[in-house]
There are 2 protein chains.
Amino acid sequence: MKSTKKQRLEVAGWRVSSAATFLGLSAEEAAFVELKVALGQSLRRWRTRQKLTQGELAVRLQSSQSRVAKMEAADPTVSVDLLVRSLLKLGARRKDIARAIA
Amino acid sequence: MKSTKKQRLEVAGWRVSSAATFLGLSAEEAAFVELKVALGQSLRRWRTRQKLTQGELAVRLQSSQSRVAKMEAADPTVSVDLLVRSLLKLGARRKDIARAIA
DNA sequence: GGAAGGTATGTCAGTGCTGACATACTCGCA
DNA sequence: TGCGAGTATGTCAGCACTGACATACCTTCC
């Protein structure tokens, strides 16, 4: 958020804080969530590039549409394990995963 | 493995194959294991640099000595989740994780 | 040899993740 | 407005992961 906007909001009586602070996440927890979000976005980019629906992707991953949706949304019930394994299944290499994370 | 050495071994009657082939791992599975190994090594490097024992590290991670040993050995019962969360707890940033993986 | 400090391996009860299903939401189009 | 395709969200039985414990396996030193 731009600091100018932050100032305006605070003047108007809003308390501005990061999602992490709001949710009471520690630095590590926040970083962990960010990492999952990054992987989820990576997965969605791959899917949309291939013009697939979540359902079609689910078939390739031997999973379900709902789980794909949760992966892309970095749902709390989705592990980094699942995200990484999914990307690898789709042909990503370690370097690609690293780039998605960094 | 250098192809010259491979040749020599095969001439000598050995069948040379990667661990992946030997264990019947698919390409993705192999990549996944490699990735875990890389993270485990990263964890061990961090620990030895700090001159800590596995037991001491376990305390910081709120885990146990045996699990630390398994993490460093990329044991099948250790998830990428656990490895990543551990590294983050020790102060690694996303970029560090990415470098460890790549 | 054997004691001590460190590391590896096996096991298990409790917890968390997973695929699957059902259902709700969203958006474009007729 | 209503419909269809796609996406999001809630729930749950079954399986995988986790910390903890016990114990075995090294090295190093005496």
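Predicted, not measured: the structure shown is a model, and the values here were computed from it. Every chain is numbered from 1 and lettered A, B, ... according to where its sequence line falls, protein lines coming before strand lines.
Within the structure, every side-chain polar atom (N or O) of A:Ser64 is placed at least 4.0 Å from both OP1 and OP2 of C:dC21. Residue B:Ser63 places none of its side-chain N or O atoms closer than 4.0 Å to OP1 or OP2 of D:dA20. For B:Arg85 and D:dC17, the shortest distance from a side-chain N or O to OP1 or OP2 is not below 4.0 Å. The phosphate of D:dT7 (OP1 or OP2) has a side-chain N or O of A:Arg47 nearer than 4.0 angstrom.
With hydrogens and angles disregarded, no donor-acceptor distance shorter than 3.5 Å links the side chain of B:Lys70 to the backbone of B:Thr77.
Residue A:Ala69 places its side chain closer to D:dT9 than to any other of C:dG6, D:dT9, C:dC17. When each of C:dT11, C:dA20, D:dT9 is scored by its nearest atom to the side-chain atoms of B:Lys70, the top-ranked nucleotide is C:dT11.
Remark: P of C:dG5 and CG of B:Leu52 are 17 Å apart, rounded to the nearest angstrom. Per the geometry, CD belonging to A:Gln50 stands 16 Å off P belonging to D:dG6, to the nearest Å. Following rounding to the nearest Å, A:Leu43 (CG) and D:dT7 (C1') show an atom-to-atom distance of 14 Å. Rounded to an integer number of Å, the gap from B:Leu61 CG to D:dG19 P is 9 Å. One interatomic measurement links the two molecules: CZ of B:Arg67 to C1' of C:dT11, which rounds to 11 Å at whole-angstrom precision. Atom P of nucleotide D:dC15 and atom CG of A:Leu82 are separated by 18 Å, given to the nearest angstrom. Rounded to a whole Å, the CG atom of B:Asp81 is 7 Å from the P atom of D:dT18. Note: NZ (A:Lys51) to C1' (D:dG6) measures 15 Å, nearest angstrom.
Salt-bridge check for A:Arg85 with B:Glu28: failed, with every basic side-chain N at 4.0 Å or more from each acidic carboxylate O. Comment: B:Glu72 engages B:Arg47 in a salt bridge, judged by a side-chain N to carboxylate O separation of less than 4.0 angstrom.
Inter-residue side-chain proximity for B:Gln62 and B:Lys89 is flagged as met; some heavy-atom pair is nearer than 4.5 Å. Here the side chains of A:Arg67 and A:Met71 are in contact, with some heavy-atom distance below 4.5 Å.
For a distance-only test at 3.5 Å, the side chain of B:Ser66 qualifies as a donor-acceptor partner of the base of D:dC21. Residue-to-nucleotide contacts include no donor-acceptor pair under 3.5 Å from the side chain of B:Gln54 to the base of C:dA8. Within 3.5 Å, no donor on the side chain of B:Gln65 pairs with an acceptor on the base of D:dA20, nor the reverse.
In this structure, the helix from C:dG1-D:dC30 to C:dA30-D:dT1 shows an angle of 30° between the axis at its start and the axis at its end, each fitted on 5 base pairs and rounded to 10°.
Across all strands, B:Thr77 comes closer than 4.0 Å to base atoms (heavy-atom distances). Residue B:Val78 is classed as a sugar-phosphate contact, given heavy-atom separations below 4.0 Å to backbone atoms only.
For the atom pair CD1 of A:Ile97 and CZ of B:Phe32, the computed distance is 9.5 Å after rounding to the nearest 0.5 Å. To the nearest 0.5 Å, atoms CZ (B:Arg94) and CZ (B:Arg99) are separated by 13.5 Å. Note that CD1 of A:Ile101 and CG of A:Asp96 are 11.0 Å apart. Values are rounded to the nearest 0.5 Å.
Of the two residues contacting DNA chain C, namely A:Pro76 and B:Arg44, the nearest-nucleotide position lying further toward the 5' end is that of B:Arg44.
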